[in-house]
S.K.: 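This is the structure I want to talk about, given as structure tokens.
Naming: A, B, ... by sequence-line order, numbering from 1 per chain.
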Amino acid sequence: MTERAERFDPRTYEAGWRERWEADDLYRADDEDPRDKHYLLTMYPYPSGDLHIGHWYAATGPDIVARMRRMQGLNVMFPMGFDSFGLPAENAAIDRGVHPAEWTEQNIERMRIQFRSMGCMFDWSREVVSSDPAYYRWTQWLFLQFFKAGLAYKQMAAVDWCPKDQVVLAREQVEGADRHCWRCGTPVVKRELEQWFLRVTRYADELLDFSGIDWPEPIRLMQTNWIGRSEGAEVDFAVEADGAEPIRVFTTRPDTIFGATFMVLAPEHASVAALTSDERRAEVEAYAAAARRETEIERMGAERERNGVFIGAHAINPMTEERIPIWIADYVLPGYGTGAVMGVPAHDDRDYDFAKRYQLPIRYVIMPRGGEVPSEGAFLPHTDDEVLIDSGDFTGMAASDAIPAITEELAERGQGEAAISYKIRDWLISRQRYWGAPIPIVYCDEHGPQPLPEDQLPVLLPRDVDFAPTGVSPLQSHAEFLAASCPVCAGPARRETDTLDTFVDSSWYFLRYTSPHEETQAWDPVALMRWMPVDLYTGGAEHAVLHLMYSRFFIKALRDMHHLDFDEPFRALRNQGQILGADHHRMSKSRGNVVNPDDLTSRFGSDTVRCFLMFIGPWDQGGPWNPSSIEGVHRFLGRVWAVAQAGGSGGDEAASRSLRQAAHRAIKEVGEDYGEFHFNTALSKLMELTNALGSARDDGLAGTDAYAEAVDTLLLLLAPMAPHISEELWSRRGKPYSIHQQTWPEFDLALVASDMIELPVQVDGKLRDRLVVAPGTAAEEIERLALASERVQGYLKGRAPRKVVQIPGRLVNIVTPGE
RNA sequence: GGGCGAGUGGCGGAACGGCAGACGCGCCGGCUUUAGGAGCCGGUGUCGCAAGACGUGCGAGUUCGAAUCUCGCCUCGCCCACCA
């Protein structure tokens, strides 16, 4: 009876469908489409050479959602491009003598082909390549806008320097306890250099506001902590020296000021030299010099002993009017607050350690209510309910009230004010490297640094340069590039040779996708307003304080420059987990644990690899690579192949009702799961539907309308996850091309609900029996049935229940009177 | 040191106040096959012949009822790390 279906072999049809989709421009997002727009984006990759399994994992999730949204009637844009400036290209040039441009282009070529083999619905007509002059011209233009708005500036600064890559790094690019370079892992050192910065700090407060955007809590927390807002006060301490300016400290605990028994300055503090007494000078200078020489690692080590040097000068505590000694110590950081702190050893553990070491006085000024001053002079940790003691007029006041009260008192006296400090620093964007967008600035002896006129953009990267890493940009030895003329006086000028951090490129690429072929402007404002903001963005959580924060900053700054009128780039954000190597370590060429997806696709086909990746576990979790169950997923697609082509003539319509119910439940649940990025459970439900179809076929239902409807439903629901097999089977069933242009099925609520429900019956919370009742059965009836149960009777032993708990449609729990 | 998250069968995981272990892998048994492979059917948390008991890192608590909520501890992962 049943025809023997053709053997399931994805290799016979997958590539053919991809070619047809592409030839038909099936996935092109049309600006003029009247339907609601939906901009779905996944982070564009660096073209490192080969697509690895992590790229597949990252892209398949949003591709599924994009495909479903399209079937649900939205005008979906799902673009892809390449983040193609950056160090690896230059390293390849150094190691292998290939030009970075060539290396990058070859990699992009290869990755485009590999990307296409995934069967994603990327709209390649919108591709953006950040190292293309047609793109970086506008990156340079954006830099000029920031410069003109006062948001880009050049300054000497102690910066993080990677001695291996010979380049400065942004603070966000220095990682780990040993303060290493995010690219090569080499510990960084500090260097005083003149560098370009973008004024992110101006937006610190606004960046703390996540209202109106749907972002994962961990990312919001990471950004919040990175920005590190602290409320407190700045307080002036007069200095006991002729004509000396007062020294301003920052504190979050002005309520402890009566306990300030010393002051500590950062060794780099501007007042140190002038205040140091002659007899202390040699020691102070030696200490400051040693602090300067030390690397970040040594200085930042948390376990490190706190040490410092008395500089031979005194300040006056503005509240107690006592003389307190001024020290320098490297536990005070020059870049945070005012670079000076008041030492309150009784209530700050760092100050406590310091005071202990140098026998400085410890004075208790805050006590838990009813507490006692420790006789041994121990450190008193902070508690919720504290009052001030030994604090002049403020004695007896609750600490929480004393903070504003003392701040106000100081302000009235002109000795301080409420103040807020942030940990975040301005974003260092200049790089002494070749393979990046040149910074469009020229230096004139007469007129200093000048922005290039916009009509001189792009500043093209010359091809013939020497790539040996010397610590200065390779562009510095390129005479032709260097020569420029001053935009003010037309006299000879020297071109800036630093290039922009690649994170500048990626801070706006999502804007360019809206009108990627625009030649006269960075974007077409109409297209921009049509598509932005991005409705759903996906990518790795490792960009929390890098790309994801910089992009928010860019949008807010561009809004204030009136280039656009929304506040956030990405309305919703989802992070995928990381696929680790089988050895549970990050995949890397040096470890040899990289999984090549091409081998898997040539064996199983793209659909199997896509489904398998989505089946591993929750998409936001990732996990170590373990291909042992890929065969099972492949078998599943084989079963789909078989049930979709099973033939039959008629069958029992009445018996097929449960099959219809299975199909409609799948519509509801698979759709919900896709929307919530629960691809693993979506697939398990597709498997259940497939298994139900298999049983139905074995029961002779293959010829019924219900069977046909269930198969169609299965294919439509599977289409986002396994686009090829669903198209192939759809076509074999004689349905109109393309399945990806069909409407997402709707479920019938009446079919989603069960005809009969099985209620667990518990006795004292333990499962003892089950009742099968029609939905909507009255509670009294259910209680009667439950109490009538033989097994329940056995536990009640003739006693009346103490209580009967019923959760309608869920369960019955009978509580016995107890012993 | 601080913050966040996670600990469930042999494995990946499901359930996230209401039937623990969906779905799949693996394993065991069977059918089919000359054989291997593939495929199909059945079984598979632990102890127990069974009835049943016990089970979600450990310990307490809340609740009629806890893998799920609360507190403490242990382990692992990620982020930040002398930020006054």
S.K.: Got a sec: does the CZ of A:Arg586 have more than 12 other heavy atoms crowding it under 6.0 Å?
M.R.: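 Open.
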
S.K.: Picking from B:G12, B:C4, B:A84, which would you name as closest to the side chain of A:Thr252?
M.R.: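 Nearest listed nucleotide: B:A84.
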
S.K.: Among B:C19, B:C25, B:C64, which nucleotide sits nearest the side chain of A:Ser629?
M.R.: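 Between B:C19, B:C25, B:C64, the one nearest the side chain of A:Ser629 would be B:C25.
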
S.K.: Kindly assign one of parallel, tilted or perpendicular to the pair A:Phe250 and A:Tyr336, based on the angle between their ring planes and the thresholds 30° and 60°.
M.R.: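 A:Phe250 and A:Tyr336: perpendicular rings.
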
S.K.: Under 3.5 Å, is there a donor-acceptor pair linking the side chains of A:Asp351 and A:Tyr331?
M.R.: yes

S.K.: Between A:Arg768 and A:Glu758, who's closer to the 5' end of RNA chain B by nearest nucleotide?
M.R.: A:Glu758

S.K.: Is the shortest distance from a Lys or Arg side-chain nitrogen in A:Asp9 or A:Arg11 to a carboxylate oxygen in the other one below 4.0 Å?
M.R.: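 Between A:Arg11 and A:Asp9 there is a salt bridge, with a charged N closer than 4.0 Å to a carboxylate O.
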
S.K.: In whole Å, measure the gap between the C1' atoms of B:A22 and B:G29 for me.
M.R.: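 Looking at atom C1' only, B:A22 and B:G29 are 24 Å apart.
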
S.K.: Taking only Watson-Crick and G-U wobble pairs with both distances under 3.5 Å, what dot-bracket line describes RNA chain B, where [ ] shows pairs that cross earlier ones and | shows pairs with another strand?
M.R.: (((((((..(((.....[....)))((((((.......))))))(((....)))..(((((..]....))))))))))))....

S.K.: May I ask you to evaluate whether A:Tyr336 reaches the phosphate of B:A84, defined as a side-chain N or O under 4.0 Å from OP1 or OP2?
M.R.: yes

S.K.: Indicate, with yes or no, if the rings of A:Phe503 and A:Trp182 have centres closer together than 6.0 Å.
M.R.: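 Distance test on ring centres: under 6.0 Å, yes.
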
S.K.: Pick the nucleotide of RNA chain B nearest each of A:Pro624 and A:Ser421; which residue has the one closer to the 5' end?
M.R.: A:Pro624

S.K.: Check the phosphate of B:G24 against A:Asn691, side-chain N and O only, distance under 4.0 Å to OP1 or OP2. Yes or no?
M.R.: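 Affirmative; the distance criterion is met.
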
S.K.: Write down the protein N/O and nucleotide N/O pairs, taken from nucleotides 14-17 of chain B, whose separation is under 3.5 Å; answer none if there are no such pairs.
M.R.:
unit_1	atom_1	unit_2	atom_2	d
B:A14	OP1	A:Asn680	ND2	2.9

S.K.: Between A:Arg639 and B:G24, is there a side-chain N or O to OP1/OP2 distance below 4.0 Å?
M.R.: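 Result: yes.
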
S.K.: Quick one: which of B:G52, B:C23, B:G65 gets closest to the side chain of A:Arg791?
M.R.: B:G52

S.K.: Among B:C41, B:A84, B:C23, which is the nearest nucleotide to the side chain of A:Glu688?
M.R.: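 Closest of the options to the side chain of A:Glu688: B:C23.
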
S.K.: Given B:C19, B:G65, B:G12, which nucleotide is nearest the side-chain atoms of A:Asn813?
M.R.: B:G65

S.K.: Shorter than 3.5 Å, N or O on both sides, protein versus nucleotides 26-28 of chain B: list them out with atom names.
M.R.:
unit_1	atom_1	unit_2	atom_2	d
B:G26	OP2	A:Arg635	NH2	3.4

S.K.: Closest to the A:Ser684 side chain: B:C80, B:C19, B:C23?
M.R.: B:C23

S.K.: Using a 4.0 Å heavy-atom cut-off across all strands, classify A:Ile807 as base, sugar-phosphate, or nothing.
M.R.: base

S.K.: What does A:Gly632 touch in the nucleic acid at a heavy-atom separation under 4.0 angstrom: a base, only the sugar-phosphate, or nothing?
M.R.: sugar-phosphate

S.K.: Does NZ or CZ of A:Arg552 fall inside the cone over A:Trp215's six-membered ring, less than 6.0 Å from its centre and within 45° of the axis?
M.R.: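 Yes - A:Arg552 lies over the ring of A:Trp215, closer than 6.0 Å to its centre and within 45° of its axis.
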
S.K.: If the threshold is 4.0 Å, N to carboxylate O, is there a salt bridge linking A:Asp236 and A:Arg248?
M.R.: yes

S.K.: Looking at B:A84, B:C64, B:G24, which one has an atom nearest to any side-chain atom of A:Ser230?
M.R.: B:A84

S.K.: Check the angle between the aromatic planes of A:Phe604 and A:His634 and answer parallel, tilted or perpendicular using the 30° and 60° thresholds.
M.R.: perpendicular

S.K.: Is it true that A:Asn593 and A:Asp583 share a donor-acceptor pair across their side chains at a distance under 3.5 Å?
M.R.: yes

S.K.: Closest to the A:Pro760 side chain: B:C11, B:G24, B:C19?
M.R.: B:C19

S.K.: Of the listed nucleotides (B:G18, B:C41, B:C19), which one gets closest to any side-chain atom of A:Val805?
M.R.: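 Given the options B:G18, B:C41, B:C19, the side chain of A:Val805 is closest to B:G18.
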
S.K.: Just call it for A:Leu811: base, sugar-phosphate, or nothing, with non-hydrogen atoms closer than 4.0 Å on any strand.
M.R.: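 The answer is base, as A:Leu811 lies within the cut-off (heavy atoms under 4.0 Å) of a base atom.
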
S.K.: Quick one: sort the A:Trp619 and A:Phe677 rings into parallel, tilted or perpendicular, breaks at 30° and 60°.
M.R.: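 Rings of A:Trp619 and A:Phe677: tilted, 30 to 60°.
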
S.K.: Which atom names give the shortest non-hydrogen contact between A:Leu689 and A:Ala710, and what distance separates them?
M.R.: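 What the structure gives for the nearest pair is CD2-O, 4.3 Å.
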
